[in-house]
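Notes follow once the structure below has been shown.
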Amino acid sequence: MDISRLIDPLNEPQREAVCTDSQHTLVLAGAGSGKTRVLTHRIVYLIETGQASSFGVLAVTFTNKAAKEMRSRIDTLMEQPPRGMWVGTFHSLAHRLLKTHYKEANLPEQFQVLDSDDQLRMVKRIIKDLNLDDTKWPPKSAQWFINGKKDEGKRFKHIPASNDFHEQGLLKVYEQYELICQQTGVVDFGELLLRAHELWLNNPKVLEHYQDRFRHILVDEYQDINSIQYAWLRVLCGEKAHLMVVGDDDQSIYGWRGAKVENILRYSEDFKNVATIKLEQNYRSSGHILKAANAVIGNNSGRLGKELWTDDEDGKQIRLYAAYNEHDEARFIAEDMEGLLESYNEMAILYRSNAQSRVMEEHLIRLSIPYRIYGGHRFYDRLEIKNAMCYLRMLLNRHDDTAMERIINLPVRGIGNKSIDTMRIFARDQNISFWQAASQIVEHKILPSRACNAIESFITLINDIDSQTGDLNLTDVTDLVIKQSNLIAHHQKEKGEKGRTRVENLKELVSAAASFNNESDNSDLSEFVSQASLDAGDNQADTHEQAVSLMTLHSAKGLEFDRVYLVGLEEQLFPHKMSMDDPDGLQEERRLCYVGITRARKHLCLSYAESRSLYGSSQFNASSRFIREIPNEHIQEIRLKSQITRPVMYTETPKEIMNDSGFQLGQDVNHPVFGKGVILSCEGIGSNARVEVKFAKSTKWLMLQFAKLEAL
DNA sequence: CCGGGTAACATTTTT
DNA sequence: TGTTACCCGG
């Protein structure tokens, strides 16, 4: 077998990693050093040299996207697509295991996955049922508590009773929550991992089977692994498996949700015979950018220590723009992009928090620059989609209370809150499911006849749909559901753009079902519903359209662009005020900055605003310490064009700077419609001259030739 | 059932 | 400041 095509394109450390004989391997892969390449080549290498069969390979990632990417890259490397190989996220693998061994895991065959939305509803209800004050125990934080515990691998029974009154409440919620999940046969994300781990521990035979099978286990993004994922992996590996983990301690940015960098730092202690390989040659960014990244991350302590280098030239210096407010910042970027011939697809604006995107949008729209915001709600999280999915869930399992509660009066069929309350209490007292409660209430006419009729119509509806689905395929079932349930009609009645998009989304769901049917050759409804909760539902519908990408630094991890604008580099914002006082928090912020810088291939532009209005009030923050951590020789400061002034609060008397608008920054003006305002900025010449004015209720850009502005 | 008014809220996010 | 969730009145 000729493996030169696998080996030849690699550099020395990459090759070492791909060909290692070591049982355990830690690959420290810096940003842009080719880690996915190492992982995929390694897998194909193992198979083609006969060291592993494809059945014996397990590769774990964090996101579905990464799993998909890995799969397709392996497929292109291999002469024939490998069979029986497991590639997936921790969650999807756990789900698969639990589906197969549902009995051993003490789950119903048709158990469903509870997404965070459903989870929150459930927690809310429990808090209410327990008569807990939801101001003292906000559902969100109870949810956070539960998930945190599960990420640590702790069930209610593992947690010692607490003296703290507040924690006692949380524990009660947790206890009740576990109970209800078990009763209704639903499993949340953390539970998937927890159960999968317990499956190993409680069923030695099952464990043994998988230990025998998976002799080669590979894990991507190892720095992001949490306690329960680690535990699961540790048990599966046992003594025999070969474990290769790939990660970068400098890119650990999910500590706040349970990821433990310690796992990567401790790897050589936890496993024996570890070969450590560092990938430090970077193939992505030019010199200045890389050196800046090294300098910044160099301020962190406790690193495993890597220093990226490149064969590439220094390239362009990093530009630094000092804006005087967030509008100036956004305007500068939009104008900077406007004249470029590069493709918009190769540009990104990265920010620390989502709230920053709006101003950017405004200015991009103004210059008609197409953009796409990442990290919105996932397709399957949209209201109308969730509703439709709940109908599907009801077909699978009538006792899915969460689903039923959501759709029993949707579209409206005259079952009011009072009736639902009665049903809920009835169900709880009798210890039966919502569905059973509904049937009995109808049967014994416990509610007024109008309500009973309505409830009965719901029961009939579900049964009717169910009886029609007999030999239909998945696509047709979905289509049937959205029509028969009247969801389409319901949203069609909604006026405005909203209703239209909702109807479109519902139709999109039918095509999603169709493609699930085709791609995975699977028409199992249950699988489809599970996949929906485990999959983000690919947000990137129109990737082909040219557009600038806007996203948070977190969601930028793993991506790269020719031209990156890293904005809002101000103390309090980045590093964020919630994290900066804690040393670990600050280090994580710095890693985030490192991630941001290393996203850029050729151009990086940093910016900060001297004044930023956030949540109503203006803040005057110092520029971020991260800027100062970059040596000067890599930075080129950009000064403003002559007609625009620097800082100066608008409330103060502005400097004597005139521009083509004839107005001064900070000047008070009056507008016939909007009333009194203050000039924030001016731009354009002659008939294009326009000013930005802050009025009492809004801030607007006005064309001077049209707006009848009066100086005060 | 809708719509308006208003109080509370506002890192980061995948599964 | 802008959004959103929730409450009350019509």
Side-chain angles (χ1 to χ4, degrees), chain A residues 60-67 88-95 113-120 124 134-135 138-140 144 147 150-151 187-194 196 221 224-226 228-229 252-259 326 350-359 361-362 374-378 380-381 409-417 490 493-495 530-537 539 551-558 568 572-580 582 585 588-589 591-593 595-596 612-619 694-699:
Chain A
V60 197
T61 62
F62 273 85
T63 64
N64 290 300
K65 204 173 138 206
T89 64
F90 278 101
H91 296 267
S92 69
L93 296 172
H95 181 256
V113 179
L114 200 68
D115 66 27
S116 42
D117 208 61
D118 294 331
Q119 188 186 35
L120 185 61
K124 261 186 194 156
D134 64 358
T135 55
K140 270 257 191 324
W144 185 260
N147 290 336
K150 289 198 177 189
D151 282 348
V187 164
D188 63 45
F189 293 128
E191 185 74 22
L192 283 168
L193 304 170
L194 203 47
E221 306 275 18
D224 284 338
I225 223 158
N226 68 26
I228 187 68
Q229 288 161 338
S252 158
I253 56 175
Y254 287 110
W256 52 274
R257 66 174 199 215
E326 73 277 12
L350 308 182
Y351 35 79
R352 174 67 238 262
S353 65
N354 286 311
Q356 291 166 258
S357 68
R358 179 199 309 256
V359 193
E361 281 186 81
E362 282 174 25
Y374 283 78
H377 356 230
R378 319 179 314 165
Y380 290 109
D381 274 352
N409 198 30
L410 213 142
V412 192
R413 52 175 72 82
I415 305 175
N417 276 331
H490 175 248
K493 270 184 258 162
E494 261 180 341
K495 44 190 176 232
S530 301
Q531 180 260 4
S533 29
L534 288 172
D535 193 338
N539 249 345
M551 66 187 91
T552 62
L553 287 156
H554 282 91
S555 21
K557 195 171 79 157
Q572 311 289 325
L573 188 62
F574 190 32
H576 197 276
K577 58 171 180 290
M578 304 290 273
S579 315
M580 58 192 292
D582 163 48
E588 186 154 309
E589 295 284 310
R591 291 194 290 265
L592 199 50
C593 183
V595 167
R612 179 177 298 273
S613 53
L614 201 58
Y615 309 143
S617 56
S618 283
Q619 299 175 355
K694 181 187 165 68
F695 294 105
K697 297 197 75 173
S698 62
T699 301

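Every chain is numbered from 1, with letters handed out A, B, ... down the list of sequences.
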Is B/dT12 in the syn range, within 90° of 0, or in the anti range? anti
Distance check, P atoms only: C/dA5 and B/dT12, in whole angstrom units. 16 Å
Do A/Asn409 side-chain atoms and A/Gly414 backbone N/O form a donor-acceptor pair below 3.5 Å? yes
Check this for me: A/Lys577, atom NZ, are more than 12 non-hydrogen atoms of other residues, nucleotides or ligands nearer than 6.0 Å? yes
Ion pair A/Glu361/A/Arg358, N-O distance below 4.0 Å: no
Taking the six-membered ring of A/Tyr254, is NZ or CZ of A/Arg257 closer than 6.0 Å to its centre and within 45° of its axis? yes
Minimum heavy-atom distance between A/Met551 and A/Ala556, given as atom pair plus value: SD-CA, 3.6 Å
Would you say the side chains of A/Ser613 and A/Glu326 form a donor-acceptor pair under 3.5 Å? yes
Main-chain N/O of A/Thr61 paired with A/Glu221 side-chain donor or acceptor, under 3.5 Å: no
Taking C/dT4 as the reference, what is the distance to B/dT13 when you measure between their P atoms (whole Å, please)? 16 Å
Each nucleotide in nucleotides 4-10 of chain C should get exactly one letter: B, S or -. Can you fill that in based on protein heavy atoms under 4.0 Å? --S----
For residues A/Ser530 and A/His95, is any side-chain donor paired with an opposing acceptor at under 3.5 Å? yes
Indicate for each nucleotide in nucleotides 10-15 of chain B, in 5' to 3' sequence, whether protein heavy atoms under 4.0 Å reach the base (B), only the sugar-phosphate (S), or nothing (-). BBBBBB
